[in-house]
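Here's the structure we're looking at; comments come further down.
Nothing here was measured: the structure is a model prediction, and the numbers come from that model. The analysis underlying the following values was restricted to heavy atoms, covering all of them including side chains, and did not include hydrogens, waters or symmetry mates.
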Amino acid sequence: MESCLKDQIGAVLLPGDVFTFIKTETISLTDTSKAEKIICGPGLRRNGDDVVVCKSGVLRHKHPNLYWVDSQQRRYVPVKGESVIGIITTKSGDVFKVDVGGSEQASLSYLAFEGATKRNRPNVQVGDLVYAQFLIANKDMEPELVCIDSSGRANGLGVFGAGGLLFKVSLGLVRRLLAPQNEIVKDLEKLYPCELVVGMNGRLWARAATVQKTLIVANLLESSENMTAQQRRTLFKRVADGNL
C-alpha cells in the first residue's frame, strides 16, 4: 500500500477513495518509532485492512512515512493536542464554555490555568480570548480544553488579546503559517513587526504598532492565502513602498 500512496503524492483525492493494506506492511495512527510503519495523518482513516480518504484535497508526504490530505476546509473538527483560539461565551459554575468554531462548544475548567486554586481563581470574563489546548476531543464526549501543559505551566497558553484583531482564515493557511521557516511570516515581520497568534481552528490574532498597521497585517495574511510566492512578494513590496 505504501507504494500506492507514493504514486498518488500530489494527486487530488476525494472522500471514499481506498488504499488497500498489504499484509507485510503495518499501519499506525500514532506510533512513529519504526520507519516501516505508515502514519495516517489528517484526511486519512484506517478501516480494517484499508486506508480510506475522508477529506477532499491533495495527498502530501513527509519523510519517511507520514501521509495526509492537504485540504482547504473552513469548518474545524477538534483534535486532541491541538492549540486553538477560543472565545469565552458563558460561565457555568466552575466551568467556562468556549466557542472554538466547531460543531459544539468546549468546556474549560477554572483549575486548568497556571497557579489556579479554589481560592485563587483566574480572572476570566465572558468575551475574553483564550489560547488553549484540547485535552479531550472525540465524537462521543464534550471537548475539553486546558491552558496548562503537562508540567502545569502556561507555556504561552491562557487569556490574551488586548488591543489586537481576531479574524478567520482557512485551515490550509493556518498549516502553512505554522510550518517551520514559513516565508509568509518572515516577509510580514520584515514589513511590519507584529504579534501573531495562530490557532489550529482557523483563527488568527494580530497586533501591530498601530490600529492601521494591524488592519494591514490582517488583510495581507488573508490575501496571501490564494497567492503564489511571487504574487505575495510583489504585494508586500507595493505595501512597503506605500503604493496601495
Mind checking the [atom1]-[atom2] spacing from [X] to [Y]? Nearest 0.5 Å is all I need.
X	Y	atom1	atom2	result
Trp205	Phe160	CH2	CZ	6.5 Å
Ile39	Leu44	CD1	CG	11.5 Å
Glu189	Cys194	CD	SG	7.0 Å

Please step through salt bridge (charged side-chain N to carboxylate O under 4.0 Å, His left out) for the pair Lys168 and Glu222, ending with a clear verdict. CA-CA 8 Å; Lys168 188 170 177 60; Glu222 291 177 333; over 6 Å; no
Hey, is the main chain of [Y] close enough, under 3.5 Å, to the side chain of [X] for a donor-acceptor pair?
X	Y	result
Asp50	Val52	no
Lys213	Pro193	no
Asn182	Leu178	no
Asp17	Leu14	yes
Asp149	Arg153	yes
Arg176	Glu183	no
Glu225	Leu173	no

- prompt: Has Arg121 got more than 12 heavy atoms of other residues, nucleotides or ligands less than 6.0 Å from its CZ?
  reply: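 Above 12, so yes.
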_More than 12 heavy atoms of other residues, nucleotides or ligands under 6.0 Å from NZ of Lys237: yes or no?_
no
inquiry  = I'd like to know whether Tyr67 forms a side-chain hydrogen bond (donor to acceptor under 3.5 Å, both in side chains) with Gln8, so could you lay out the CA-CA distance, the side-chain angles of the two residues, the decisive distance to 0.1 Å, and finally the verdict.
reply    = CA-CA 10 Å; Tyr67 295 87; Gln8 293 294 320; over 6 Å; no
Let me see the working for Asp99 and Arg203 under salt bridge (charged side-chain N to carboxylate O under 4.0 Å, His left out), right down to the final yes or no. CA-CA 11 Å; Asp99 173 20; Arg203 289 176 177 168; 3.2 Å; yes
Residue set satisfying ring pair (Phe, Tyr, Trp, His ring centres under 6.0 Å) with Phe167, at least two apart, ordered chain then number -> none
**Report entry** Hphob cluster co-occupancy, Phe113 + Leu157, side-chain heavy atoms under 4.5 angstrom
**Finding:** no
Please step through salt bridge (charged side-chain N to carboxylate O under 4.0 Å, His left out) for the pair Glu144 and Lys80, ending with a clear verdict.
CA-CA 9 Å; Glu144 183 177 337; Lys80 181 180 178 180; over 6 Å; no
